[in-house]
Amino acid sequence: MLNDLYSCQQSCILDVDSTLPSVCSIVKFIQGPLKTWVQNITGRVFSNKMTITASQYKFTDRLLCHDDNLHDRSVAFILYLCKDWKKQYGGSLDLFDCDSDNQPKTVVKSIFPTYGSFAFFEVSHNSYHQVAEVLTSKSIRLSINGWYHGEDLPQQAVWQGTIPKLLAPIPLRGKSVDDFVDDTWLNMKTCVQVKSAFEKDLCVSLPKFLKSSVFKGIETALKDSSIVWESCGPANRKRYDVARLSSLPETLTRFLKFIQSKDWFRYLSECTVEISPDVKPLPKCWFEVQRWQPGDYTVLVDNDPLNTSTGLDVHLYFGVEKRPKNNVGGEVFYLGPDRDDDDNLEQAFHLEPENNTSTIIAHIEGMAVLTKYLDHRNKPFFKIFGRYSQSVE
């Protein structure tokens, strides 16, 4: 199963029946005097149920933002066992504050693992935290951790998020598809082949898609210091930057008008499925200019409103430098809507960031999309993403 939340190793449940005397001793301590001490400090009443495991985080391992709120968890705890840990090794326990919607906003406190230290916090609807990426291969972040359990927290309404503003196709004045797209992909015979491949696989990648001069112009414009980049969250769902459209240079504004144009809708119709701007109900689209940097990601969310729509997703990357061969993140995965025997969403599509490659994917209602966490070995890159749909009215 593809894991979107963490990269680390965890032991089985530890208990007093362990054959290791040291493990047996620490479990008795956590279940006995330490439990009483934490209970007195927090004022919470614990049941006899406890969950205790050991965790180790190696190079590039991490645990993304979440709240630990599951069933009857009451207080989370961590006993650090990593000797000579340095701040530059990363691996801090980061605690978030929340916005007006009770969603994680920014890291307000970082606790670095010190050998023999003990950290704990109350589990609540907004106890958002993460374990920052481990940046060293010289040491392992080792801990014993778990939860004291109590009563279930009261149910709370689930935050739904927002749907981007949908845009209608517009006339493309003074320009045409020929001014942007490389001649290779304008040939009628090629378009027929692309359409056939898309109908078979529901996904197609078109390398060297834009004219070289167009691609280089957009790539340069994306690095313009005048662009205002805004963080896209909340952190328990996603983290990357989106450009404020009003701050974009003319080169980018002109390109966005192209990918909103009737000409572009017609081109997509020729190469994929019918989303003609000449047929009612009119198709709509939305798009983002994105910047991806180390530490960015999206995770799977059950109630993401973007998963309820069907349409064409178009990914176009810029500024992607040569990437290490081993897994460094940034890959995009489409899961579902089919599920396996364990009720997990099955992987449908997978794409890697690649310069000037237009990847077009059929997003089917019920699919979920994630972008794997970009570890610190990545260089920043950009993506222009759009979703196009005929049946939106």
Side-chain angles (χ1 to χ4, degrees), residues 2 4 164 177 180-187 190-212 214-216 218-219 222 238 240 242 252 255-256 258-260 264-275 283 285-292 296-298 306-307 309-323 327-337 345-364 367-372 374 378 380-389:
L2 184 65
D4 60 320
V177 175
F180 297 91
V181 177
D182 189 84
D183 294 344
T184 303
W185 305 110
L186 298 176
N187 179 278
T190 303
C191 287
V192 171
Q193 293 171 342
V194 170
K195 188 177 185 70
S196 176
F198 183 85
E199 289 174 344
K200 177 178 179 290
D201 299 327
L202 298 181
C203 174
V204 66
S205 289
L206 311 178
K208 297 182 180 178
F209 183 69
L210 298 178
K211 292 182 180 295
S212 178
V214 173
F215 174 78
K216 290 177 181 178
I218 295 173
E219 189 173 57
L222 285 165
K238 55 189 174 183
Y240 59 89
V242 175
L252 282 169
F255 183 72
L256 293 186
F258 164 62
I259 63 172
Q260 190 189 342
W264 175 242
F265 275 83
R266 293 186 185 109
Y267 178 78
L268 288 176
S269 293
E270 290 176 2
C271 293
T272 57
V273 294
E274 184 69 23
I275 51 168
C285 69
W286 63 269
F287 46 75
E288 288 181 333
V289 179
Q290 303 171 351
R291 180 176 67 182
W292 290 86
D296 289 347
Y297 56 87
T298 65
L306 297 181
N307 294 343
S309 63
T310 295
L312 292 176
D313 286 359
V314 180
H315 303 255
L316 189 56
Y317 288 93
F318 302 84
V320 180
E321 298 187 15
K322 186 176 181 181
R323 290 159 53 82
N327 180 23
V328 296
E331 307 94 336
V332 178
F333 294 88
Y334 281 69
L335 306 178
L345 291 171
E346 294 184 345
Q347 181 176 317
F349 309 114
H350 164 232
L351 66 131
E352 297 268 354
E354 187 174 347
N355 275 333
N356 200 11
T357 295
S358 176
T359 300
I360 307 171
I361 296 175
H363 184 281
I364 302 169
M367 272 186 167
V369 185
L370 73 91
T371 301
K372 288 289 284 185
L374 278 73
N378 282 274
F381 59 80
F382 306 92
K383 178 166 73 171
I384 295 179
F385 170 82
R387 178 170 294 175
Y388 299 81
S389 178

Go through the steps to decide whether D183 and K211 satisfy the test side-chain contact (heavy atoms from CB on, under 4.5 Å), and finish with yes or no. CA-CA 8 Å; D183 294 344; K211 292 182 180 295; 3.0 Å; yes
Do [X] and [Y] touch side chain to side chain, with heavy atoms closer than 4.5 Å?
X: T184; Y: K208; answer: no
X: F381; Y: E321; answer: no
X: L256; Y: I384; answer: yes
X: Y267; Y: C191; answer: yes
X: L312; Y: C285; answer: no
X: W264; Y: F180; answer: no
X: F255; Y: V289; answer: no

For the pair [X] (side chain) and [Y] (backbone), establish whether a donor and an acceptor sit closer than 3.5 Å, ignoring hydrogens and angles.
X: T371; Y: V332; answer: no
X: N355; Y: V320; answer: yes
X: W185; Y: L210; answer: no
X: E288; Y: F385; answer: no
X: N356; Y: F318; answer: no
X: S389; Y: T310; answer: yes

Atom pair [atom1]/[atom2] of [X] and [Y] - distance to nearest 0.5 Å:
X: W286; Y: L306; atom1: CH2; atom2: CG; result: 5.0 Å
X: I360; Y: L206; atom1: CD1; atom2: CG; result: 5.0 Å
X: E331; Y: L370; atom1: CD; atom2: CG; result: 9.5 Å
X: R266; Y: C271; atom1: CZ; atom2: SG; result: 14.5 Å

Can you name the closest pair of heavy atoms from [X] and [Y] and give their distance?
X: K195; Y: E270; result: CD-O, 3.3 Å
X: Y297; Y: Y240; result: O-CD2, 4.3 Å
X: F265; Y: Q260; result: CE1-O, 3.7 Å
X: K383; Y: W292; result: CE-NE1, 4.2 Å
X: G330; Y: P353; result: O-CG, 3.4 Å
X: C203; Y: I361; result: SG-CG1, 3.6 Å

With sequence neighbours excluded, tell me which residues meet side-chain contact (heavy atoms from CB on, under 4.5 Å) with [X].
X: V192; result: none
X: E354; result: T357
X: L202; result: F349, A362, I364
X: Q347; result: F333, L335, H350

Give the C-alpha distance, both sets of side-chain angles, the deciding distance and a yes or no for side-chain contact (heavy atoms from CB on, under 4.5 Å) between F198 and L268. CA-CA 11 Å; F198 183 85; L268 288 176; over 6 Å; no
Who are the salt bridge (charged side-chain N to carboxylate O under 4.0 Å, His left out) partners of K372, not counting sequence neighbours?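 Not a single residue meets the salt bridge (charged side-chain N to carboxylate O under 4.0 Å, His left out) criterion with K372.
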Taking it one step at a time, do I259 and V314 satisfy side-chain contact (heavy atoms from CB on, under 4.5 Å)? CA-CA 10 Å; I259 63 172; V314 180; over 6 Å; no
Is a salt bridge present between K238 and D296, judged by a nitrogen-to-oxygen distance below 4.0 Å?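 Answer for the salt bridge query: no.
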For S309, what residues pass the side-chain hydrogen bond (donor to acceptor under 3.5 Å, both in side chains) criterion, not counting sequence neighbours?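 Applying side-chain hydrogen bond (donor to acceptor under 3.5 Å, both in side chains) to S309 gives R387.
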Would V369 and T298 count as a side-chain contact (heavy atoms from CB on, under 4.5 Å) here? Give the steps. CA-CA 8 Å; V369 185; T298 65; 5.7 Å; no
